[in-house]
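When a ligand or atom number is given, it counts from 1 through the structure's own listing order. Only this structure's heavy atoms are used, side chains among them; waters, hydrogens and symmetry mates stay out.
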Amino acid sequence: MTTRTALLRAFAAAFTESGMEAPEREARALLRGCLGLTDLDLVTRGEQEVAEDDATRLRALAERRAQGEPLARLTGRREFWSLDFALSPETLVPRPETETLVEAALSLFPDRSAPLRLLDLGTGSGALLAALLSEYPAAFGVGVDLAPGAARQARANLAALGFATRAAVLVGHWGEALIGGFDLVVSNPPYIPGTDIPALQREVRTHDPLLALDGGPQGLDAYRALALALPRLLVAGGYAVLELGIGQERQVAGLLTAAGLGVEDPARADLAGIARAMIARKA
Ligand code: GLN
(Lines give C-alpha, C1' and ligand atoms only; values in the text may rest on other atoms or scores of the structure.)
Protein backbone atom coordinates (compact mmCIF):
# COMPACT_ATOMS: atom_id res chain seq x y z
CA MET A 1 0.00 0.00 0.00
CA THR A 2 1.08 3.52 -0.65
CA THR A 3 -0.17 7.00 0.24
CA ARG A 4 -1.11 9.98 -1.92
CA THR A 5 1.93 11.86 -0.65
CA ALA A 6 4.27 8.99 -1.44
CA LEU A 7 2.96 8.81 -5.01
CA LEU A 8 3.26 12.59 -5.37
CA ARG A 9 6.90 12.47 -4.28
CA ALA A 10 7.72 9.57 -6.57
CA PHE A 11 6.09 11.20 -9.59
CA ALA A 12 7.66 14.62 -8.91
CA ALA A 13 11.07 12.93 -8.74
CA ALA A 14 10.47 11.04 -12.00
CA PHE A 15 9.23 14.21 -13.70
CA THR A 16 12.27 16.16 -12.49
CA GLU A 17 14.48 13.46 -13.94
CA SER A 18 12.75 13.61 -17.30
CA GLY A 19 13.33 17.38 -17.43
CA MET A 20 9.76 18.62 -17.01
CA GLU A 21 9.40 22.31 -16.20
CA ALA A 22 7.10 22.13 -13.18
CA PRO A 23 7.46 18.58 -11.83
CA GLU A 24 5.60 19.06 -8.56
CA ARG A 25 2.70 20.91 -10.10
CA GLU A 26 2.48 18.25 -12.82
CA ALA A 27 2.49 15.47 -10.24
CA ARG A 28 -0.34 17.11 -8.32
CA ALA A 29 -2.30 17.67 -11.52
CA LEU A 30 -1.95 13.98 -12.41
CA LEU A 31 -3.32 12.83 -9.06
CA ARG A 32 -6.11 15.37 -9.16
CA GLY A 33 -7.10 14.56 -12.73
CA CYS A 34 -6.86 10.79 -12.47
CA LEU A 35 -8.23 10.25 -8.95
CA GLY A 36 -10.80 13.05 -9.06
CA LEU A 37 -9.19 14.81 -6.09
CA THR A 38 -8.83 18.47 -5.19
CA ASP A 39 -5.66 20.24 -4.07
CA LEU A 40 -7.15 20.30 -0.59
CA ASP A 41 -7.46 16.48 -0.63
CA LEU A 42 -3.77 16.26 -1.45
CA VAL A 43 -2.63 18.77 1.15
CA THR A 44 -4.79 17.83 4.12
CA ARG A 45 -5.36 14.14 3.42
CA GLY A 46 -2.04 13.24 1.86
CA GLU A 47 -1.53 10.32 4.22
CA GLN A 48 -4.61 8.57 2.89
CA GLU A 49 -3.90 5.21 1.25
CA VAL A 50 -4.34 4.79 -2.50
CA ALA A 51 -5.90 1.46 -3.56
CA GLU A 52 -3.36 -0.81 -5.23
CA ASP A 53 -5.09 -0.91 -8.63
CA ASP A 54 -5.39 2.89 -8.64
CA ALA A 55 -1.69 3.18 -7.78
CA THR A 56 -0.77 0.77 -10.59
CA ARG A 57 -2.87 2.72 -13.08
CA LEU A 58 -1.38 6.03 -11.88
CA ARG A 59 2.19 4.75 -12.21
CA ALA A 60 1.52 3.76 -15.82
CA LEU A 61 0.01 7.19 -16.53
CA ALA A 62 2.92 8.96 -14.82
CA GLU A 63 5.28 7.02 -17.06
CA ARG A 64 3.40 8.22 -20.16
CA ARG A 65 3.30 11.77 -18.77
CA ALA A 66 7.08 11.67 -18.28
CA GLN A 67 7.39 10.64 -21.93
CA GLY A 68 5.63 13.86 -22.95
CA GLU A 69 2.00 12.83 -23.27
CA PRO A 70 -0.16 15.79 -22.16
CA LEU A 71 -2.30 15.31 -19.05
CA ALA A 72 -5.42 16.19 -21.04
CA ARG A 73 -4.70 13.24 -23.34
CA LEU A 74 -4.19 10.90 -20.38
CA THR A 75 -7.46 11.87 -18.73
CA GLY A 76 -9.18 12.44 -22.09
CA ARG A 77 -10.72 15.61 -20.72
CA ARG A 78 -10.05 19.31 -20.57
CA GLU A 79 -11.76 22.31 -19.03
CA PHE A 80 -12.55 25.34 -21.21
CA TRP A 81 -14.61 28.37 -20.08
CA SER A 82 -15.35 26.36 -16.89
CA LEU A 83 -17.05 23.64 -18.98
CA ASP A 84 -15.81 20.06 -19.22
CA PHE A 85 -14.92 18.60 -22.63
CA ALA A 86 -14.06 15.06 -23.63
CA LEU A 87 -11.27 14.83 -26.20
CA SER A 88 -10.62 12.45 -29.06
CA PRO A 89 -7.42 11.99 -31.07
CA GLU A 90 -8.97 14.20 -33.77
CA THR A 91 -9.58 17.19 -31.48
CA LEU A 92 -7.09 19.78 -30.36
CA VAL A 93 -6.74 20.17 -26.60
CA PRO A 94 -8.61 23.45 -25.98
CA ARG A 95 -6.17 26.22 -24.97
CA PRO A 96 -6.77 28.94 -22.40
CA GLU A 97 -5.84 31.69 -24.89
CA THR A 98 -8.82 30.67 -27.03
CA GLU A 99 -11.06 32.05 -24.26
CA THR A 100 -10.00 35.47 -25.60
CA LEU A 101 -12.41 34.81 -28.50
CA VAL A 102 -15.32 34.17 -26.13
CA GLU A 103 -14.57 37.40 -24.28
CA ALA A 104 -14.43 39.31 -27.57
CA ALA A 105 -17.79 37.85 -28.62
CA LEU A 106 -19.38 38.85 -25.29
CA SER A 107 -18.23 42.43 -25.80
CA LEU A 108 -19.61 42.54 -29.36
CA PHE A 109 -23.03 41.15 -28.38
CA PRO A 110 -23.77 42.51 -24.88
CA ASP A 111 -27.44 41.37 -24.96
CA ARG A 112 -27.27 37.84 -23.53
CA SER A 113 -30.88 37.10 -24.40
CA ALA A 114 -30.39 37.75 -28.13
CA PRO A 115 -31.45 34.81 -30.36
CA LEU A 116 -28.07 34.77 -32.11
CA ARG A 117 -27.19 32.37 -34.90
CA LEU A 118 -23.66 31.17 -34.23
CA LEU A 119 -21.22 29.33 -36.45
CA ASP A 120 -17.98 27.70 -35.26
CA LEU A 121 -15.75 26.68 -38.17
CA GLY A 122 -13.28 23.94 -37.25
CA THR A 123 -15.09 23.26 -34.01
CA GLY A 124 -12.88 20.38 -32.78
CA SER A 125 -14.15 19.41 -29.33
CA GLY A 126 -16.93 22.01 -29.66
CA ALA A 127 -15.32 24.15 -26.97
CA LEU A 128 -15.92 27.58 -28.51
CA LEU A 129 -19.46 26.78 -29.60
CA ALA A 130 -20.44 25.34 -26.21
CA ALA A 131 -18.91 28.30 -24.37
CA LEU A 132 -20.97 30.70 -26.49
CA LEU A 133 -24.18 28.68 -26.09
CA SER A 134 -23.62 28.73 -22.33
CA GLU A 135 -23.51 32.54 -22.40
CA TYR A 136 -26.39 33.08 -24.86
CA PRO A 137 -29.29 30.90 -23.74
CA ALA A 138 -31.47 31.89 -26.71
CA ALA A 139 -28.79 31.29 -29.34
CA PHE A 140 -28.59 28.44 -31.85
CA GLY A 141 -25.22 27.22 -33.08
CA VAL A 142 -23.74 25.26 -35.94
CA GLY A 143 -20.32 23.63 -35.66
CA VAL A 144 -18.37 22.38 -38.66
CA ASP A 145 -15.30 20.17 -38.71
CA LEU A 146 -13.47 18.43 -41.52
CA ALA A 147 -12.59 15.47 -39.28
CA PRO A 148 -15.55 13.12 -38.70
CA GLY A 149 -14.12 12.02 -35.34
CA ALA A 150 -13.96 15.63 -34.18
CA ALA A 151 -17.53 16.32 -35.31
CA ARG A 152 -18.72 13.24 -33.38
CA GLN A 153 -16.85 14.38 -30.29
CA ALA A 154 -18.23 17.92 -30.54
CA ARG A 155 -21.76 16.54 -30.89
CA ALA A 156 -21.28 14.36 -27.80
CA ASN A 157 -19.83 17.23 -25.77
CA LEU A 158 -22.61 19.62 -26.74
CA ALA A 159 -25.20 17.01 -25.77
CA ALA A 160 -23.48 16.23 -22.45
CA LEU A 161 -23.47 19.95 -21.62
CA GLY A 162 -27.19 20.21 -22.33
CA PHE A 163 -27.03 21.97 -25.71
CA ALA A 164 -28.29 19.14 -27.94
CA THR A 165 -31.42 21.05 -28.94
CA ARG A 166 -29.55 24.28 -29.68
CA ALA A 167 -26.68 22.95 -31.75
CA ALA A 168 -25.97 21.01 -34.92
CA VAL A 169 -22.56 19.72 -35.97
CA LEU A 170 -21.67 19.03 -39.59
CA VAL A 171 -18.70 17.40 -41.26
CA GLY A 172 -17.48 19.71 -43.95
CA HIS A 173 -14.86 22.01 -45.38
CA TRP A 174 -15.21 25.37 -43.61
CA GLY A 175 -18.53 26.97 -44.55
CA GLU A 176 -18.97 25.28 -47.93
CA ALA A 177 -22.18 23.46 -46.96
CA LEU A 178 -23.80 26.61 -45.62
CA ILE A 179 -25.54 29.51 -47.32
CA GLY A 180 -25.36 32.08 -44.55
CA GLY A 181 -27.48 34.00 -42.07
CA PHE A 182 -25.04 33.95 -39.14
CA ASP A 183 -24.73 36.80 -36.66
CA LEU A 184 -21.40 35.56 -35.34
CA VAL A 185 -18.80 33.28 -36.88
CA VAL A 186 -15.94 32.10 -34.68
CA SER A 187 -12.95 29.99 -35.61
CA ASN A 188 -9.70 28.76 -34.16
CA PRO A 189 -8.26 27.53 -37.44
CA PRO A 190 -4.99 25.69 -38.03
CA TYR A 191 -2.42 28.47 -38.27
CA ILE A 192 1.02 27.02 -37.65
CA PRO A 193 3.25 27.44 -40.74
CA GLY A 194 3.96 23.92 -42.04
CA THR A 195 7.71 24.41 -41.72
CA ASP A 196 7.35 25.29 -38.00
CA ILE A 197 5.58 22.04 -37.07
CA PRO A 198 8.77 20.02 -36.43
CA ALA A 199 9.91 22.71 -33.94
CA LEU A 200 6.69 22.69 -31.86
CA GLN A 201 6.76 21.42 -28.28
CA ARG A 202 6.74 17.65 -28.21
CA GLU A 203 3.39 17.61 -26.41
CA VAL A 204 1.77 19.53 -29.24
CA ARG A 205 3.64 18.01 -32.17
CA THR A 206 3.09 14.40 -31.12
CA HIS A 207 -0.34 14.53 -29.52
CA ASP A 208 -2.43 17.21 -31.21
CA PRO A 209 -3.92 16.38 -34.62
CA LEU A 210 -1.89 17.80 -37.51
CA LEU A 211 -5.09 18.78 -39.30
CA ALA A 212 -5.87 21.20 -36.45
CA LEU A 213 -2.38 22.75 -36.49
CA ASP A 214 -0.98 22.90 -40.02
CA GLY A 215 -1.94 26.17 -41.69
CA GLY A 216 -0.01 25.56 -44.91
CA PRO A 217 3.32 27.09 -45.99
CA GLN A 218 2.78 30.48 -44.26
CA GLY A 219 0.10 29.37 -41.82
CA LEU A 220 -2.49 31.44 -43.68
CA ASP A 221 -4.35 28.88 -45.81
CA ALA A 222 -7.32 28.67 -43.47
CA TYR A 223 -7.64 32.47 -43.25
CA ARG A 224 -7.73 32.69 -47.05
CA ALA A 225 -10.63 30.22 -47.15
CA LEU A 226 -12.37 31.99 -44.27
CA ALA A 227 -11.95 35.46 -45.80
CA LEU A 228 -13.60 34.29 -49.01
CA ALA A 229 -16.52 32.64 -47.20
CA LEU A 230 -17.29 35.15 -44.43
CA PRO A 231 -19.05 37.81 -46.57
CA ARG A 232 -21.55 35.11 -47.61
CA LEU A 233 -21.89 33.50 -44.19
CA LEU A 234 -22.47 36.69 -42.16
CA VAL A 235 -25.63 38.78 -42.01
CA ALA A 236 -25.18 42.53 -42.57
CA GLY A 237 -23.70 43.90 -39.36
CA GLY A 238 -22.53 40.40 -38.31
CA TYR A 239 -19.13 39.71 -36.79
CA ALA A 240 -16.37 37.18 -37.26
CA VAL A 241 -13.94 36.50 -34.40
CA LEU A 242 -10.88 34.56 -35.51
CA GLU A 243 -7.98 33.24 -33.44
CA LEU A 244 -4.55 34.39 -34.61
CA GLY A 245 -1.17 32.71 -34.38
CA ILE A 246 1.72 34.79 -33.10
CA GLY A 247 2.60 37.62 -35.49
CA GLN A 248 -0.23 37.00 -37.97
CA GLU A 249 -2.34 40.07 -37.21
CA ARG A 250 -1.26 42.24 -40.14
CA GLN A 251 -1.49 39.53 -42.77
CA VAL A 252 -4.88 38.22 -41.61
CA ALA A 253 -6.23 41.77 -41.42
CA GLY A 254 -5.08 42.22 -45.01
CA LEU A 255 -6.93 39.12 -46.19
CA LEU A 256 -10.15 40.11 -44.42
CA THR A 257 -10.00 43.71 -45.66
CA ALA A 258 -9.41 42.51 -49.22
CA ALA A 259 -12.60 40.43 -48.85
CA GLY A 260 -14.53 43.63 -48.08
CA LEU A 261 -14.83 43.19 -44.30
CA GLY A 262 -14.15 45.90 -41.73
CA VAL A 263 -11.38 44.91 -39.33
CA GLU A 264 -11.07 46.10 -35.74
CA ASP A 265 -7.58 47.45 -35.07
CA PRO A 266 -5.85 46.25 -32.98
CA ALA A 267 -6.85 42.64 -32.45
CA ARG A 268 -7.76 41.66 -28.87
CA ALA A 269 -4.80 40.44 -26.82
CA ASP A 270 -4.68 37.28 -24.71
CA LEU A 271 -3.41 37.19 -21.11
CA ALA A 272 0.17 36.96 -22.37
CA GLY A 273 -0.34 40.19 -24.35
CA ILE A 274 -0.31 38.39 -27.72
CA ALA A 275 -2.69 39.67 -30.43
CA ARG A 276 -5.05 36.69 -30.40
CA ALA A 277 -8.62 37.50 -31.43
CA MET A 278 -9.20 39.31 -34.70
CA ILE A 279 -12.60 40.92 -35.13
CA ALA A 280 -14.09 41.54 -38.55
CA ARG A 281 -17.50 43.03 -39.37
CA LYS A 282 -19.65 42.84 -42.43
CA ALA A 283 -21.06 46.30 -43.23
N1 GLN B 1 -2.58 27.33 -30.30
C2 GLN B 1 -2.06 26.11 -30.84
C3 GLN B 1 -0.58 26.02 -30.56
O4 GLN B 1 0.09 27.02 -30.51
C5 GLN B 1 -2.29 26.00 -32.31
C6 GLN B 1 -3.70 25.85 -32.62
C7 GLN B 1 -4.01 26.28 -34.00
O8 GLN B 1 -3.24 26.10 -34.95
N9 GLN B 1 -5.14 26.84 -34.12
O10 GLN B 1 -0.07 24.96 -30.38
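Within 6.0 Å of CG in L40 there are more than 12 heavy atoms belonging to other residues, nucleotides or ligands. The number of heavy atoms from other shown groups lying within 6.0 Å of CZ (R117) does not exceed 12. Within a 6.0 Å sphere centred on CZ of R57, other residues, nucleotides and ligands contribute more than 12 heavy atoms. Counted within 6.0 Å of CZ on R59, heavy atoms from surrounding residues, nucleotides or ligands total more than 12; the atom is thus considered enclosed.
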Note every protein N or O atom lying under 3.5 Å from an N or O atom of ligand 1, pairing the names and giving the distance.
from: ligand 1; atom 1: 1 (N); to: Y191; atom 2: OH; distance (Å): 2.9
from: ligand 1; atom 1: 8 (O); to: Y191; atom 2: N; distance (Å): 3.1
from: ligand 1; atom 1: 8 (O); to: A212; atom 2: O; distance (Å): 3.4
from: ligand 1; atom 1: 9 (N); to: N188; atom 2: OD1; distance (Å): 2.8
from: ligand 1; atom 1: 9 (N); to: P189; atom 2: O; distance (Å): 2.6
from: ligand 1; atom 1: 10 (O); to: R95; atom 2: NH2; distance (Å): 2.9

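Residues passing the side-chain contact (heavy atoms from CB on, under 4.5 Å) test with E26, sequence neighbours excluded: F15, M20, R65.
Side-chain atoms of T98 and E243 form a donor-acceptor pair, as typed in the model, at a separation below 3.5 Å.
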